[in-house]
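These notes are about the structure you will find just below.
The shown structure was predicted, so the numbers you read here are calculated from the model rather than taken from an experiment.
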Amino acid sequence: NAIIFRDGTSVSYALWLLFSCLLPISSSMLDGQRLNEFFVNASDLKVFGIDFDFFVLYVAGCLQNILYILFASLFLGMKARYPSIDKILKSYMVFVVVYYAFQLFVKYDFHANYLWVPFYVTHVVVLLLILGCGAIEALKGERSANFFIAGLIPYIVFRIFYALGIVKWWSPMVLLPDFGLFHFLKNSAGIQQVLSITLEAIVISFAVADRTKSLQDKVAQSIQNQKKLIEDQNRTLEVTVAERTLSLIHISEPTRRTPI
């Protein structure tokens, strides 16, 4: 879709999927890290003096965060429909860049929760604002907004669980049994994040597909309307030419009958 339509919404969604895949690959899970295990052994590689896998993780996290907000803004038409919310989203994207840059390049000696808590609270608030705008569009009859909301709700829920796991606060996930797949969900905030992104990507794909079909229908309807307009203009032109020809014939008949 991004290649075919080349519009901001499709491109931002495609890029969000790309960095969403890179995020769990570079994250450390209970059973290891996939980046070093399957792709490249970068245990000794550094970027700007930062461990390569750590650098990739934070860059992927930053871009995944920004691209989702950008996609949601374009998908819901925030700039035209909700300009105040759109300004908040743009400010938040700047905040995200500053936050991740600080985490990467600044050494601090205070507890990380002083950074994490404000960031994740802001993140959830922004997602709730987007959810509210999506609900308004759904009430207006925008069918693709229904898919958008259906994907965003579990995304928000699991992002909250993930944030609670990161800051080491109580989370409902501790109520899960400690065996099988539940063990990973219960004890790994990274797994919770992967689950939230996966569910979001699956459901949002329906919203994007519905939007794509809507765009195709509008283009087809526009072509049909233009074709009908041209046909109507041709018929009008033919009638006008026929009337002018008949008028000229009537005018020329007396002239032919008049002797020289």
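In this structure, the separation between CE on M93 and CG on L67 is 9.5 Å, given to the nearest 0.5 Å. The structure places CG of L15 at 12.0 Å from CD1 of I66, a figure rounded to the nearest 0.5 Å. We find the CG-NE2 distance between L128 and H123 to be 10.0 Å, quoted to the nearest 0.5 Å. Atom CG of L57 sits about 11.5 Å away from atom SG of C62, to the nearest 0.5 Å. How far CD1 of I130 is from CD1 of I149: 12.0 Å, rounded to the nearest 0.5 Å. Distance check, rounded to the nearest 0.5 Å: OH of Y13 to CG of L70 gives 14.5 Å.
In this structure, the side chain of N113 engages the main chain of V167 through a donor-acceptor pair within 3.5 Å. When atom types are taken as modelled, the side chain of T236 and the backbone of D232 share a donor-acceptor pair closer than 3.5 angstrom.
A pairwise comparison of heavy atoms in A145 and G134 identifies CB-O, 3.7 Å as the closest pair. Across every non-hydrogen atom of T122 and P118, the tightest pair is OG1-O, 2.6 Å. The two residues S73 and D86 come nearest to each other via the heavy atoms OG-OD1, 3.0 Å. Scanning both residues, A72 and M78, for their nearest heavy atoms gives O-CG, 4.4 Å.
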- Step-by-step side-chain contact (heavy atoms from CB on, under 4.5 Å) determination, I160 to Y120: CA-CA 8 Å; I160 292 173; Y120 287 117; over 6 Å; no
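Y99 has its ring centre no less than 6.0 Å from the ring centre of F102. In this structure, Y155 has its ring center closer than 6.0 angstrom to the ring center of Y68.
The aromatic rings of Y100 and Y58 sit perpendicular to each other, their planes meeting at more than 60°, with 30° as the lower class boundary. Relative orientation of the F95 and Y92 rings is tilted, given thresholds of 30° and 60° on the angle between their planes. Between F110 and Y108, the ring planes are parallel. Angles under 30° get that label, and only those over 60° would be called perpendicular.
Contact check for S144 versus F75: side-chain heavy atoms found under the 4.5 Å cut-off.
Salt bridge present: K140 and E137 bring a charged side-chain N and a carboxylate O closer than 4.0 Å.
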